[in-house]
Amino acid sequence: MQSKPLVVVVSGPGGVGKSTVVKRLIAKYPQLWLSRSWTTRQQRPGESSEAYNFVTEAEFLKHVAEGGFLEYTNFLGNYYGSPTPKATGDQDIVLEIEVDGARQVLDSDPKALLIFLEAPSIEEQTKRLNDRGDDPDKIQQRLIKSAEEANAGRELGATIIVNNDIEETTDQMWSTIQAHKSSI
Ligand code: 5GP
């Protein structure tokens with residue numbers, strides 16, 4: 001039996017519906033604990049202040065120097081990082097992060113599971129990026145970054161799930177987690 005909590009990394013390009021799916025997964029399965037990332041990115045209009053711990057670059061870099069992150073990266077000009085998780089009892093840990101962070105987590109914990117979400121189509125992905133109010137110039141950058149991320153996800157041996165339907169996707173993620181747990 002595995003005693004250490006499992007680390008489940010959920011990656012996928014912007015506009016894939018990652019946060020919505022992860023929120024649903026956590027609500028449905030209280031055995032999972034969602035890590036709250038730090039970022040130096042500006043809060044988007046309408047974005048919950050709970051979405052991240054929004055910090056200044058100085059605060060972020062101080063935390064890096066103190067060894068306070070499990071992983072961190074610079075994504076399109078802003079820092080993002082997962083604080084080192086505290087004890088979570090019996091719960092497994094979910095990190096919703098991009099692929100550079102995923103690689104760092106897998107390097108330090110080879111038993112971690114990587115799930116990579118993909119959008120059903122580029123049209124749907126572009127629509128979701130527009131709907132959430134990203135800057136138009138950032139949208140183009142994020143779409144370009146998507147293709148790189150999909151390649152990196154495959155190289156890292158991620159389980160790829162196409163997010164067609166939120167309930168179906170969360171169920172597929174849950175079965176993937178269970179199968180992984182029984183294989184380690
Ligand atoms: P967004 O600006 O859209 O909220 O996030 C940009 C990207 O950074 C997304 O792919 C998101 O999953 C990722 N991200 C969020 N938090 C973290 C983190 O703590 N570490 C890393 N490496 N990526 C993160």
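Counting convention: from 1, in listed order, for ligands and their atoms alike.
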Subject >> Under-4.0 Å salt bridge between Glu118 and Arg154 >> reply: yes
Original post:
Is the Phe69-Phe60 ring centre distance short of 6.0 angstrom?
Top reply: yes
Original post:
Are any of the side-chain nitrogens in Lys127 or Glu123 under 4.0 Å away from the carboxylate oxygens of its partner?
Top reply: no
**OP:** Run the salt-bridge test on Arg103 and Glu71 with the 4.0 Å N-O cut-off and return the result as yes or no.
**Re:** no
Original post:
Is there side-chain contact between Gln42 and Glu47, with heavy atoms separated by less than 4.5 Å?
Top reply: no
Subject >> Short N-O contact, Glu149 and Arg142, less than 4.0 angstrom >> reply: no
Quick check on ligand 1: any N or O pairs to the protein under 3.5 Å? One line per pair.
| residue | atom | partner | partner atom | Å |
| --- | --- | --- | --- | --- |
| ligand 1 | 2 (O) | Arg41 | NE | 2.6 |
| ligand 1 | 2 (O) | Arg44 | NH2 | 3.4 |
| ligand 1 | 2 (O) | Tyr80 | OH | 2.6 |
| ligand 1 | 2 (O) | Arg142 | NH2 | 3.0 |
| ligand 1 | 3 (O) | Arg44 | NH2 | 3.0 |
| ligand 1 | 3 (O) | Arg132 | NH2 | 3.4 |
| ligand 1 | 3 (O) | Arg142 | NH1 | 2.9 |
| ligand 1 | 4 (O) | Arg41 | NH2 | 2.9 |
| ligand 1 | 4 (O) | Tyr52 | OH | 2.5 |
| ligand 1 | 5 (O) | Tyr52 | OH | 3.3 |
| ligand 1 | 10 (O) | Lys18 | NZ | 2.8 |
| ligand 1 | 12 (O) | Lys18 | NZ | 2.8 |
| ligand 1 | 16 (N) | Ser37 | OG | 3.1 |
| ligand 1 | 19 (O) | Ser37 | OG | 2.7 |
| ligand 1 | 19 (O) | Glu71 | OE2 | 3.4 |
| ligand 1 | 19 (O) | Gly81 | N | 3.2 |
| ligand 1 | 19 (O) | Gly81 | O | 3.1 |
| ligand 1 | 19 (O) | Ser82 | N | 3.2 |
| ligand 1 | 19 (O) | Ser82 | OG | 3.4 |
| ligand 1 | 20 (N) | Glu71 | OE1 | 3.4 |
| ligand 1 | 20 (N) | Glu71 | OE2 | 2.8 |
| ligand 1 | 22 (N) | Glu71 | OE1 | 2.8 |
| ligand 1 | 22 (N) | Glu98 | OE2 | 2.7 |
| ligand 1 | 23 (N) | Glu98 | N | 3.1 |

